[in-house]
Amino acid sequence: MTAASIRPARVRFAPSPTGFLHLGGLRTALFDWLYARHTGGQFILRIEDTDQKRFNPASLENLMRSLRWLGLDWDEGPDVGGPHAPYTQSERRELYQHYASWLIAQGKAYRCYTSEAELEELRARGLPYDRRHRNLTPAEQAALEAEGRPAVVRFAAPLSGTTTVHDAIRGPITVETHSVVDPVLLKSDGLPTYHLAVVVDDHLMEITHVLRGEEWIPSAPLHQLLFDAFGWEAPIFVHLPVILDPSGKGKMSKRKTVVDGREFSPFVHDYMEGGYLPDAMFNFLANMGWSYDGEREIFTREEAVARFEVTDISPKATALPFGKLDWMNGVYIRQRAPAQLHAELVPYVAAGLGIEESQLVQDRRLVELVPLIQERIKVLSEATALIDWAFVSADQITYPDPSLLIGKKLTAAESLAVLAVCAELTGSVDPFEVSVLEAAFRGQAEQMAIKLGSFLAPVRVALTGRAVSPPLFESMHVLGREESLRRMANAMAALRAVG
RNA sequence: GGCCCUAUCGUCUAGUGGACCAGGACUCAGCCCUUUCAAGGCUGCGACAGGGGUUCGAAUCCCCUUAGGGCUACCA
């Protein structure tokens, strides 16, 4: 543990509710949470909805649901309240107006009457704002006010010197102060811009560490200048590397993209619905820009909390390795207790089968099937495709390609004979248990001098309709003796029909 | 264009001047195991962007080049 983690940190995740939460945002929230928990501090959720034009009401619910799914619980926030409520910026507008007025009174900010059109003109000529209203005489200002022109409040940034912000990952970042060209603090609609709101709120909410995307680095000097202007101590800045597109080229887009023929979604809810386990996603994301120790990539939440340091985060942008996500999700699925996996699988399988969950929860077949597919699926949503044969009647197993019923190195006649003898065994074994079935079938295969794999192939296809299935004797047991016999009979008929 | 950030296997990463002819993971290939498919085990392919310094010694520090990325709004 380093000196940086001795003090309990107050860390906030401050998304703007303009759309669905994406993986980059979730990673930021995860790091926020990890650091708050590591230091025994607080994790705070704050909603930055100062852009009323882009506000999307659905995004709020999506956001909270996504955070809860990953297990990121917040100590203060819009729904749970806290000592610095409200936690929604649109409900704090008077606060920002007050601080903007204070800045004006101090001569550190001023009202600017430049219209959008005038600004557009400057931009068209490649020029920044020319500070035209920074030093208005009282008479000039009165005249503009009298015209009823809408005004914004701009920061009167210092005109010389350099400004340095300290980034916990990158060290000092220094820029020429004159490059900060009097940014707008208060918009003409009375709401603050991000810059004012973030500084005021981070100070008022006693935030100690600001973790945010590196796209904020360019405006960090402005924020430093604002903290200075207010006479406040700035928090520690931690600019997280951006997450790149899976192709590795460019920032991850906010739409689905296709790479190597596979579709990738940036949205968290697509992974929730796609059958990824929150534990796996947590573990996966924790490896994006941070690493546990260079050797282990699988670790628990507790282990990550114990070890997480903001100064260990890499400054390098990363492309999400989705192949590794799948692998890791598979690892977590295999680690699951069968009973828990069963519970997690029910919604997916019920949906896949098109039946009600209530019809499935008690179904003995699924209970038996879960351990069989546990090491064969990487995401929950793949389960149905592996076991749907167990939930249909014998007649629904058709053999469109009867040649599949022919085992490797066997003729159609031999396969038919295998099926016949297997049906006989199936009908006679007692008790109808996996080990008994296996012993009987093995003995028979040996007697007929057929490799077990080839011997079992016709039976596998007969029972499941496919050449690939969960282990055979267990599958037979799931179906039961009578159902197994029906399917073998049908298969033999299908094979004879082409034979 | 301007300002800023970054640079180790295809990808995610370890590495903070000597223990590195660079370690782990995913992917891929081969072999083993095997009841198909998986899972598991073993082996292999595979990187310090380039050039200058500093130093007895550099992946590690400095500079330049190159490449990628971000920002450049009364959006966040």
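Order of the sequence lines fixes the chain letters, A, B, ..., with proteins taken first and strands second; residue numbering starts at 1 for each chain.
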Does the distance from a Lys or Arg side-chain N to an Asp or Glu carboxylate O, for [X] and [Y], drop under 4.0 Å?
{"X": "A:E414", "Y": "A:K409", "value": "no"}
{"X": "A:D388", "Y": "A:R466", "value": "yes"}
{"X": "A:K324", "Y": "A:E297", "value": "yes"}
{"X": "A:R92", "Y": "A:D201", "value": "yes"}

Output field: ring centroids A:F267/A:H22 closer than 6.0 Å: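 A:F267 vs A:H22: aromatic centres not under 6.0 Å.
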Taking the side chain of [X] as heavy atoms from C-beta outward, which of [options] is closest to it?
{"X": "A:R334", "options": "B:A39, B:G24, B:C26", "answer": "B:A39"}
{"X": "A:T193", "options": "B:U13, B:C37, B:C74", "answer": "B:C74"}
{"X": "A:E116", "options": "B:C12, B:U35, B:C74", "answer": "B:C74"}
{"X": "A:V175", "options": "B:A7, B:U35, B:C3", "answer": "B:C3"}

Any A:K378 side-chain nitrogen or oxygen under 4.0 Å from OP1 or OP2 of B:A39: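 For B:A39, OP1 or OP2 has a side-chain N or O of A:K378 closer than 4.0 Å.
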What I want to check is whether an N or O donor and acceptor connect the side chain of [X] with the base of [N] at under 3.5 Å.
{"X": "A:E214", "N": "B:G69", "value": "no"}
{"X": "A:K316", "N": "B:A7", "value": "no"}
{"X": "A:R460", "N": "B:U35", "value": "yes"}
{"X": "A:S188", "N": "B:C74", "value": "yes"}

Provide the Watson-Crick or G-U wobble partner of [N], both distances under 3.5 Å; none if there is no partner.
{"N": "B:U66", "answer": "B:A7"}
{"N": "B:C42", "answer": "B:G30"}
{"N": "B:C21", "answer": "none"}
{"N": "B:G1", "answer": "B:U72"}

5' precedence on RNA chain B between A:E176 and A:Y113 (nearest-nucleotide basis):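 Comparing both residues, the 5'-ward one is A:E176.
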Closest-nucleotide 5' rank along RNA chain B - winner of A:A467 and A:H195: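 Closest to the 5' end, via its nearest nucleotide, is A:A467.
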Touch class at under 4.0 angstrom, heavy-atom based, for A:K451 against every strand present: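 Answer is nothing: A:K451 stays at 4.0 Å or more from every strand.
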